[in-house]
Each structure stands twice: as structure tokens, then as C-alpha cells.
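Data first, discussion second: the structure below is written as C-alpha cells.
All heavy atoms count here, side chains included; hydrogens, waters and symmetry mates do not. Since we're looking at a predicted model, the values are computed, not measured. So you know, we letter chains A, B, ... as the sequences are listed, proteins then strands, and number each from 1.
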Amino acid sequence: MIGCRLVRSNKNKDILQGIIVETEAYSQEDEACHGFNKRTNSNEVLFGEPGNYYVYQSYGIHHCLNVVTHKINFASGVLIRSVFIKNEDERISSGPGLITKKFLINKSFNGLKSYDNLYLKILKRDIKVSKEDLLQTTRIGISKATDLKWRWYLKSSRSISKREKGDKNPKKFFLDQFVSKPQ
DNA sequence: AATATGATGTAA
DNA sequence: TACATCATATTT
């Protein structure tokens with residue numbers, strides 16, 4: 001999903017867009033996943049149709065946006081951790097709770113289709129992202145399954161919630177040209 | 001580096 | 001009831 005475009009619209013009018021630059025994966029076989037224990041009302045969507053949005057409330061304060069993956073009846077998803085927005089302060093959308101704040105995403109999107117939604121779309125990459133462009137590392141803010149390297153981010157992006165030691169924050173704003181590209 | 005914040009699920 | 005959580009802003 002890294003390199004794909006997150007677009008917030010109001011019916012036909014796009015109001016905000018950015019490139020996804022950081023994600024984490026979760027699976028029901030990993031202890032940090034909301035679907036690890038049981039299937040409940042709140043995690044039901046995670047067991048549902050791949051491609052749907054899964055939005056949960058974190059620490060009672062923030063909303064976090066995921067896309068359900070893999071297959072029905074198996075809880076798994078990708079958490080969108082950071083988005084690059086052109087001409088915006090990089091801190092404004094570097095973190096899962098900050099993205100939803102900026103893109104006005106709440107639980108009303110929970111369970112909705114990501115591929116058929118008038119208000120929140122994820123569009124195909126128009127930049128090439130190869131394995132060498134990504135840094136794969138451990139996930140953030142969890143206490144279980146901390147060894148799994150299921151977090152990825154685009155090395156060349158300056159808007160990341162947390163960088164690995166030695167990975168310099170790039171000064172080149174190479175994504176700028178793509179973020180404003182009309183669809 | 002520590003703490004306040006506070007919805008919701010899970011354990012006690 | 002009590003505690004932990006896929007986080008962030010503010011204070012120390």
C-alpha cells in the first residue's frame with residue numbers, strides 16, 4: 001500500500017490527498033492484533049471482507065485507519081501510519097491518529113469498502129516503489145510480538161512517525177511532484 | 001523522560 | 001471493578 005494515494009473527498013470534490021508512506025501489518029496469529037483473542041463486535045470488521053476499512057478508537061482519544069486484508073474469517077489488516085501531504089508540515093499526518101484527524105476519518109468509515117467510497121479513496125500507485133525503497137522494521141506502540149518486523153516505510157519520505165537509527169530524514173522533497181498529480 | 005488524556009475490551 | 005491498549009500533546 002506504500003506509495004498509494006489516500007484521497008478524502010466530498011462526493012465529487014477532492015478536499016485532501018496524500019501519499020501513504022508508512023504502514024504496519026497485523027494478523028490474528030500475532031498477539032498484537034485486535035483479532036488475536038476473540039471475534040467481537042468491535043473487531044468484527046477485521047474478520048470480514050478484504051479491502052474494507054477498519055477504523056478503531058485508540059486510547060479513547062484517537063482514531064486509526066486500517067484496510068482489511070487476506071481473506072474472510074481471518075483477522076488481518078494494514079494500519080496506515082503516515083501520509084505525505086504536499087505543502088503541509090510533515091508532522092501533521094505522521095502518525096495513525098494524526099492522519100485520521102487531518103483527513104476527518106472516524107468510525108463512520110468502519111466496515112465500508114475502500115475501493116468504492118465517495119468520501120475516502122485509496123488510489124493505485126503512480127510512483128514506482130521497489131523493495132530497496134522501503135525500510136522494514138519492528139512495529140510501534142505494542143508490547144506483544146515486538147520482534148515481528150511488520151512495519152514498513154518509504155526511506156525517501158520525510159514524513160515518518162519514527163525513523164530507524166542511522167536512517168537520515170531526507171531533505172529532498174521528491175514526492176511533491178506526485179502528490180499534486182491530477183487523477 | 002514522564003505524564004495526562006479517556007473509549008473500549010478483557011481479566012479479576 | 002480494575003487494568004491494558006496498533007497514540008499524542010504537554011510538562012518535567
Side-chain angles (χ1 to χ4, degrees), chain A residues 1-6 8 16 18-85 88-114 117 120 122 134-155 157-167 169:
Chain A
M1 288 176 59
I2 291 184
C4 294
R5 188 185 299 267
L6 184 67
R8 182 71 159 98
L16 183 65
I19 301 286
I20 297 169
V21 291
E22 180 187 356
T23 60
E24 283 177 357
Y26 288 86
S27 145
Q28 70 174 34
E29 290 165 347
D30 110 63
E31 281 195 283
C33 180
H34 288 173
F36 178 74
N37 288 322
K38 282 179 179 177
R39 192 164 172 159
T40 66
N41 259 349
S42 69
N43 66 20
E44 176 62 27
V45 165
L46 211 46
F47 288 84
E49 192 183 327
N52 286 351
Y53 291 124
Y54 168 58
V55 180
Y56 69 92
Q57 201 162 6
S58 174
Y59 294 89
I61 306 164
H62 312 287
H63 292 281
C64 295
L65 177 67
N66 297 251
V67 177
V68 178
T69 55
H70 198 39
K71 59 185 180 183
I72 286 180
N73 295 326
F74 183 92
S76 62
V78 169
L79 170 66
I80 301 177
R81 282 202 63 94
S82 190
V83 167
F84 175 84
I85 304 172
E88 290 274 10
D89 189 318
E90 62 189 278
R91 291 166 298 181
I92 208 96
S93 58
S94 298
L98 295 175
I99 292 170
T100 55
K101 186 180 171 191
K102 187 68 187 169
F103 280 78
L104 306 176
I105 296 166
N106 58 26
K107 288 199 80 171
S108 68
F109 287 98
N110 191 37
L112 300 186
K113 291 176 168 65
S114 67
N117 193 301
L120 189 65
I122 296 180
L134 299 177
L135 205 152
Q136 181 176 358
T137 184
T138 51
R139 296 175 294 182
I140 286 179
I142 54 170
S143 55
K144 295 167 185 168
T146 53
D147 54 318
L148 290 178
K149 289 184 160 180
W150 283 6
R151 173 172 172 249
W152 287 263
Y153 66 83
L154 191 61
K155 285 185 209 170
S157 172
R158 69 182 195 274
S159 51
I160 293 298
S161 58
K162 192 184 176 190
R163 243 164 227 290
E164 285 291 281
K165 272 188 227 168
D167 181 21
N169 197 337

Using purine N1 to pyrimidine N3 plus N6-O4 or O6-N4 for Watson-Crick, or N1-O2 and O6-N3 for G-U wobble, both under 3.5 Å, which nucleotide pairs with dT5(B)?
dA7(C)
When the distance from NZ of Lys162(A) to P of dA9(C) is rounded to whole Å, what number comes out?
16 Å
Is the base of dC6(C) stacked against the aromatic ring of Tyr26(A), taking ring centres under 5.5 Å apart and planes under 30° as the test?
yes
Between atom NZ in Lys38(A) and atom P in dA4(C), what is the gap in whole Å?
19 Å
Any donor-acceptor N/O pair, Gln136(A) side chain to Lys149(A) backbone, under 3.5 Å:
yes
Among dA7(C), dG9(B), dT8(C), the nucleotide that comes nearest once only the side chain of Ser42(A) is considered:
dG9(B)
Ignoring hydrogens, what is the shortest heavy-atom contact between Arg139(A) and Ala145(A)? Give both atom names and the distance.
NH2-O, 3.3 Å
Quick one: label Ser161(A) by what it contacts on the DNA or RNA (base, sugar-phosphate, nothing), any heavy atom closer than 4.0 Å.
nothing
Nearest of dC6(C), dT8(B), dT10(B) to any side-chain atom of Asn37(A)?
dT10(B)
Which listed nucleotide (dT10(B), dA7(C), dT8(B)) is nearest to the side chain of Thr40(A)?
dT10(B)
Does Ser143(A) put a side-chain nitrogen or oxygen below 4.0 Å from OP1 or OP2 of dT5(C)?
yes
Could you check how far CG of Asn106(A) sits from P of dT8(B), rounded to whole Å?
12 Å
What nucleic acid atoms does Glu24(A) come within less than 4.0 Å of, heavy atoms only: base, sugar-phosphate, or nothing?
nothing
Can you identify which nucleotide, out of dA7(B), dA9(C), dT8(C), has its nearest atom closest to the Arg81(A) side chain?
dT8(C)
Which whole-number value in Å describes the distance from Ile92(A) CD1 to dT8(C) P?
12 Å
Quick check against the 3.5 Å criterion: does Arg39(A) have a side-chain atom that pairs as donor or acceptor with the backbone of Asn73(A)?
no
Give the rounded distance in Å between these two atoms: CG of Leu98(A) and P of dT5(B).
19 Å
Closest to the Ile61(A) side chain, choosing from dC6(C), dG6(B), dA9(C)
dG6(B)
Nucleotide dT10(B), atom P - distance to OH of Tyr56(A) in whole Å:
15 Å
Look at the side chain of His34(A) and decide which nucleotide, out of dC6(C), dA7(C), dT8(B), has an atom nearest to it.
dC6(C)
When rounded to whole Å, the CG to C1' distance for the pair Asn110(A) and dC6(C) reads 14 Å
Need one value for Leu79(A): base, sugar-phosphate or nothing, where a base atom within 4.0 Å counts as base even if backbone is also close, heavy atoms only.
base
Out of dT8(C), dC6(C), dT8(B), which nucleotide sits closest to the side chain of Pro96(A)?
dT8(C)
Starting from the 5' end of DNA chain C, give me the residue, Ile99(A) or Gln57(A), whose nearest nucleotide shows up first.
Gln57(A)
Sorted by chain and number, sequence neighbours left out, side-chain contact (heavy atoms from CB on, under 4.5 Å) with Lys155(A) holds for Leu135(A)
Any donor-acceptor N/O pair, Tyr53(A) side chain to Leu120(A) backbone, under 3.5 Å
yes
Donor-acceptor contact present, side-chain Ser114(A) to main-chain Ile122(A), <3.5 Å:
no
Same-atom distance (P) from dA4(B) to dC3(C), integer angstrom
16 Å
Would you kindly give the CG-to-P distance between Asn41(A) and dA7(B), to the nearest whole Å?
19 Å
State which of dA7(B), dT8(C), dA9(C) makes the closest approach to the side chain of His62(A).
dT8(C)
C1' atom, dC6(C) versus dA1(B): distance in rounded Å?
22 Å
